[in-house]
Amino acid sequence: MLLETAIGIVGTVFGAFGALFIIYGAIIAIIELLARETRIRIRSYPDIRGTFTTRILIGLEFFVAADLLKTILEPTFQDLIILGSLVAIRTVVSYFLGKEMSGLPEERKM
């Protein structure tokens with residue numbers, strides 16, 4: 001009972017942290033875009049995109065970890081199918097975002 005509660009709490013915290021990290025990345029990207037458009041700072045669009053992409057990748061990893069922990073609590077067949085689908089979709093998205101990041105020069109990766 002205590003272990004299930006702890007796993008549930010940790011899973012929820014991981015999910016919340018993943019969402020917050022993606023929101024944080026979006027806020028940073030919006031600020032950078034506004035600064036670029038108002039000529040306060042000169043950062044290229046690929047730099048801004050790379051920063052946001054990195055934050056999305058990290059957030060997705062936290063979502064996968066949260067889903068895995070939550071499935072440990074209720075491992076029905078339907079839950080496993082849903083988890084497998086979510087992990088597959090997030091893995092494909094992470095793969096292509098990572099591939100996009102590898103195309104950036106090293107100094108642009110944050």
Once rounded to the nearest 0.5 Å, what's the spacing between atom [atom1] of [X] and atom [atom2] of [Y]?
X: Leu57; Y: Ser94; atom1: CG; atom2: OG; value: 5.5 Å
X: Leu86; Y: Thr91; atom1: CG; atom2: OG1; value: 10.0 Å
X: Leu60; Y: Arg55; atom1: CG; atom2: CZ; value: 14.0 Å

Discussion item. Per the ring-ring contact (aromatic ring centres under 6.0 Å, His included) rule, what does the pair list look like for residues 72-99, sequence neighbours excluded?
Written reply: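 Checked against ring-ring contact (aromatic ring centres under 6.0 Å, His included) - neighbours excluded - no pair reaches residues 72-99.
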
With salt bridge (charged side-chain N to carboxylate O under 4.0 Å, His left out) as the rule and sequence neighbours excluded, what pairs involving [range] come up?
range: residues 57-69; answer: Asp67-Arg90
range: residues 15-24; answer: none
range: residues 23-32; answer: Glu32-Arg41, Glu32-Arg43

Please list every donor-acceptor pair under 3.5 Å in which a side-chain atom of residues 1-29 meets a protein atom from a residue at least two apart or in another chain.
unit_1 : atom_1 : unit_2 : atom_2 : d
Thr5   : OG1    : Met1   : O      : 3.0
Thr12  : OG1    : Gly8   : O      : 2.9

Worksheet item: Is any side-chain heavy atom of Ile58 closer than 4.5 Å to a side-chain heavy atom of Thr54?
Response: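 In short, these two side chains touch, coming nearer than 4.5 Å.
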
Fill in: Flag side-chain contact, heavy atom, 4.5 Å: Ile72 against Leu69
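Side-chain contact under 4.5 Å: yes.
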
Practice prompt. Under 4.5 Å between side-chain heavy atoms, chaining through other members, with only Ile, Leu, Val, Met, Phe, Trp and Tyr counted: pull out the rest of the cluster around Ile40, sorted by chain and number.
Written response: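 Traced through the cluster, Ile40 reaches no other member.
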
Worksheet entry | Side-chain hydrophobic cluster, 4.5 Å single linkage: members besides Leu68 |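 Hydrophobic cluster check, Leu68: joined to Val64, Leu83, Val87.
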
Discussion item. Tell me whether Arg39 contacts the main-chain N or O of Ala35 through its side chain, where contact means a donor paired with an acceptor under 3.5 Å.
Written reply: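 Answer holds: no.
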
Fill in: Results of side chain to side chain contact (heavy atoms under 4.5 Å, CB included) for Glu37 - residues two or more places apart only
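Applying side chain to side chain contact (heavy atoms under 4.5 Å, CB included) to Glu37 gives Tyr45.
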
